[in-house]
Number of protein chains: 2
Amino acid sequence: MAEQGGEDRVTDGAAGERGARGQAMYRKVAADLGREIGDGRYDSGGRLPTEGELAERYGVSRGTVRQAMALLRTEGLIASRRGTRRVVIGVPRPQSFGELLSFTRWARSTGEEPGGLIVATDTRLADPTERAQLRLPEGAEVHQVRRLRTLSGRPVMLERTVYPSAVGELLAGLPSDTVSYTVALEDSGVLFADAQHTIDLCRADDEDARLLGCRPGDPLLRERRVSTDPTGTPIEWSDDRYLPETVAFTVHSSAASGSLARRPAGDT
Amino acid sequence: MAEQGGEDRVTDGAAGERGARGQAMYRKVAADLGREIGDGRYDSGGRLPTEGELAERYGVSRGTVRQAMALLRTEGLIASRRGTRRVVIGVPRPQSFGELLSFTRWARSTGEEPGGLIVATDTRLADPTERAQLRLPEGAEVHQVRRLRTLSGRPVMLERTVYPSAVGELLAGLPSDTVSYTVALEDSGVLFADAQHTIDLCRADDEDARLLGCRPGDPLLRERRVSTDPTGTPIEWSDDRYLPETVAFTVHSSAASGSLARRPAGDT
DNA sequence: TAGTGGTCTAGACCACGGC
DNA sequence: CCGTGGTCTAGACCACTAA
C-alpha cells in the first residue's frame with residue numbers, strides 16, 4: 001500500500017490514483033485545488049476543506065495533503081494558521097517559471113506574437129563582474145547576445161544576455177531564425193531551475209535609445225537576472241530593459257518564506 | 001522521545017535541544033545553515049551535508065531536516081535534486097518580511113534614518129477599485145494616508161496607503177509623530193502575513209512632483225501592494241512611488257514554486 | 001552499486017481559535 | 001471543550017547520480 005513516486009514518469013504498480021502524467025500525488029492535489037480556486041469554487045477569503053477531508057477524498061495520508069498545501073501557500077493562493085481552516089487569499093497566476101525566463105513563451109501566453117532581432121553576438125574573455133555573476137574562473141570566456149525583442153513587431157525590450165562558453169557553443173550552432181534561446185537550450189538538455197532577479201529603473205544609453213526608439217536618458221524598467229540549472233551552475237546572466245508601459249512584475253511574499261526584498265539602489 | 005512544538009514559546013520538557021527563543025526545531029536548523037552559508041562555510045556551488053548527517057547532528061528525524069531544507073530552498077539559498085547533495089546557490093538576504101512592508105524598518109536596516117511627513121489623511125467611501133482590492137462591500141469606508149518618506153532628510157518615496165475603516169480607526173488614535181504605522185499596527189495586534197506586489201514604472205503626477213522635488217512626467221519606480229493578515233483579510237492597499245536611483249527590488253524564483261510573474265502593463 | 005534526495009504512510013502530541 | 005493546523009518521529013520504497 002506504500003505510495004512512493006518520482007517526480008516524472010512512474011513505474012507505478014503501486015496503489016492509489018496518480019496524476020495523468022504520472023506526477024507526484026501532492027502535485028495533483030495542489031493542482032486540483034488551485035484549479036478549483038481559480039474556477040471560483042471558493043470565495044476569496046473562503047475556507048478550504050480540512051486536511052483530513054482532503055486526505056480521505058484523495059486516499060492519501062495527511063502528510064501528502066500538507067505537502068500540497070505548502071505548495072499552494074508559496075504560490076500565494078492560501079493562508080493558514082493553527083486553529084482554523086485554510087483560507088483563500090489569491091487566484092492562480094497563469095505564469096509559469098518558464099514564461100518568466102522566456103520572453104517568447106511569455107509573449108505567446110498573452111496572445112502576442114514575439115520577435116527577436118539579433119543586434120550583436122560576441123565571444124570574449126569574461127570581465128570581473130561577469131565572472132562573479134556566472135561563477136567563472138579567471139580567463140574564462142563568455143558568449144554575449146544582444147537582441148531587440150518585439151511584440152507584434154513593436155520594439156519592447158532590449159536584452160543583453162551573457163552565457164558561459166559551454167552554453168554559448170550550443171547557441172552558436174542554432175539556426176539564425178531561432179526565436180527562443182531558452183526553449184532551444186532546454187531542448188538541448190540545459191534546464192533552468194532557479195533565478196535571482198533585480199528590478200529597478202535605469203536610463204537609456206545610446207544603444208538602448210537607438211534600438212528601442214527612445215532618446216538617451218529616457219527611463220526604462222530594468223530586470224537583471226542570473227539563472228542556474230538544477231545543479232546550481234549559473235547558465236545565463238541577463239540585463240533586460242523594457243520601454244515604459246509595456247510590462248509589470250508581480251510578486252507574492254509572505255511572512256512564512258519571503259523571496260522578495262527591497263534594496264538600496266546600486267549595482268547588481 | 002517525541003519532539004513536537006508550537007511556533008513560539010514551548011512548554012518543553014520534551015527531548016532535544018530547542019532554538020533559543022523556543023522556535024520550531026526545523027527553523028533553528030534552517031537558521032543555522034543559513035548563517036553558515038552566509039559566513040562562507042560552504043563555497044557557492046558547494047555541497048551541503050546529507051539529510052542523515054544533519055539529522056544526527058541535531059538529534060532530529062529526517063523529516064524535520066527536510067522541512068528546514070524546504071525553507072532554505074524557497075529562500076533561494078540552495079538547490080536540490082535527487083541523487084546528489086544539495087548545493088549552495090545564494091546567500092541569505094538580510095531582508096525580512098517586516099522590512100519589506102515597513103519603510104521604517106527597511107531604512108534602519110540599511111543604516112539610514114527614516115522619516116515620514118504626513119501630507120494628508122482622509123476618511124471616505126471606498127471607490128470600486130479600493131473595494132475590490134480590500135474586499136470591502138459597497139458603502140464601506142476607507143482611511144487613506146499620504147506620506148512623504150525620507151532617508152536622512154532626503155525625499156525618496158511618496159506613499160499612498162488605504163486602510164479598511166477598522167484599521168484606520170486604530171491609526172487615527174496614534175500620536176502624530178508615529179514613524180512606523182506598520183510597527184504601530186503590529187503592536188495593536190494587526191499582524192501582516194502575506195502581500196501581493198506589482199512593480200512597474202510610472203510618471204510623476206503634480207502631487208508626486210511637488211513633494212518629491214521632481215517635475216511632472218518624470219519617471220518613478222512604483223510598487224503597489226495588497227497586504228493581508230493571517231486570517232486572509234486585506235489590511236492595506238498601498239501605492240508607493242520611488243525616485244530613481246533610490247531603490248531596487250530583488251526576487252528569487254524557482255521552477256519548484258515561483259512567486260514572481262511578468263505581466264503586460266495595465267492596472268493593478 | 002552505493003549514496004542521496006523525493007515521495008508517502010501512520011501515528012503522536014501540542015498550540016491556537018472559536019464555540 | 002473540540003476542531004484544526006503545526007511539529008515531529010520512524011520507517012518504507014523509489015528514482016536519480018556518480019563512482
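Naming convention: chains lettered A, B, ... in sequence-line order (proteins, then strands); numbering from 1 in each chain.
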Pair B:R86 + B:E51, salt bridge at N-O below 4.0 Å: yes
First of A:R81 and A:Q67 reached from the 5' end of DNA chain C, by closest nucleotide: A:Q67
Closest to the A:R86 side chain, choosing from C:dG6, D:dG5, D:dT7: D:dG5
Distance in angstrom units between A:E51 CD and C:dA10 P, rounded: 16 Å
Distance, rounded to the nearest Å, where A:R85 contributes CZ and D:dC2 contributes P: 18 Å
Sugar-phosphate, base or nothing in reach of A:R47, heavy atoms under 4.0 Å: nothing
Rounded distance in Å - CZ (A:R82) to C1' (D:dT7): 8 Å
Between C1' of C:dT7 and NZ of A:K28, the distance in whole Å: 17 Å
Among D:dT9, C:dG6, D:dT17, the nucleotide that comes nearest once only the side chain of B:R73 is considered: C:dG6
Other residues, nucleotides, ligands: >12 heavy atoms within 6.0 Å of A:R57 CZ: yes
Sugar-phosphate only, base, or nothing, as touched by A:R66 at under 4.0 Å among non-hydrogen atoms: base
Test ring pair (Phe, Tyr, Trp, His ring centres under 6.0 Å) applied to A:F103 - qualifying residues, sequence neighbours left out: A:W106
Euclidean distance, atom CD of residue B:Q23 to atom C1' of C:dA15 [Å, nearest integer]: 17 Å
Residue B:T50, side-chain heavy atoms: nucleotide from D:dA18, C:dT4, D:dG6 that is nearest: C:dT4
Interatomic distance where OH belongs to A:Y58 and C1' belongs to C:dT9 [whole Å]: 19 Å
d(CG, B:L54; P, C:dG3) in whole Å: 17 Å
Base of D:dG6 paired with side chain of A:R62 (donor-acceptor, under 3.5 Å): yes
Exercise: identify the closest heavy-atom pair between A:E236 and A:P164: N-CD, 4.5 Å
Side chain of A:V60 - closest among C:dT7, D:dA15, C:dT9: C:dT9
Inter- and intrachain pairs under side chain to side chain donor-acceptor pair (under 3.5 Å), touching residues 186-195 of chain A, at least two apart: A:R105-A:E186, A:D194-B:H252
Of the listed nucleotides C:dT7, C:dG17, D:dG6, the one nearest the side chain of A:T84: C:dG17
Nearest-neighbour nucleotide for the A:S61 side chain, D:dA15, C:dT9, D:dT9 considered: C:dT9
Atom pair distance, as rounded to whole Å: CE in A:M69 and C1' in D:dT4: 11 Å
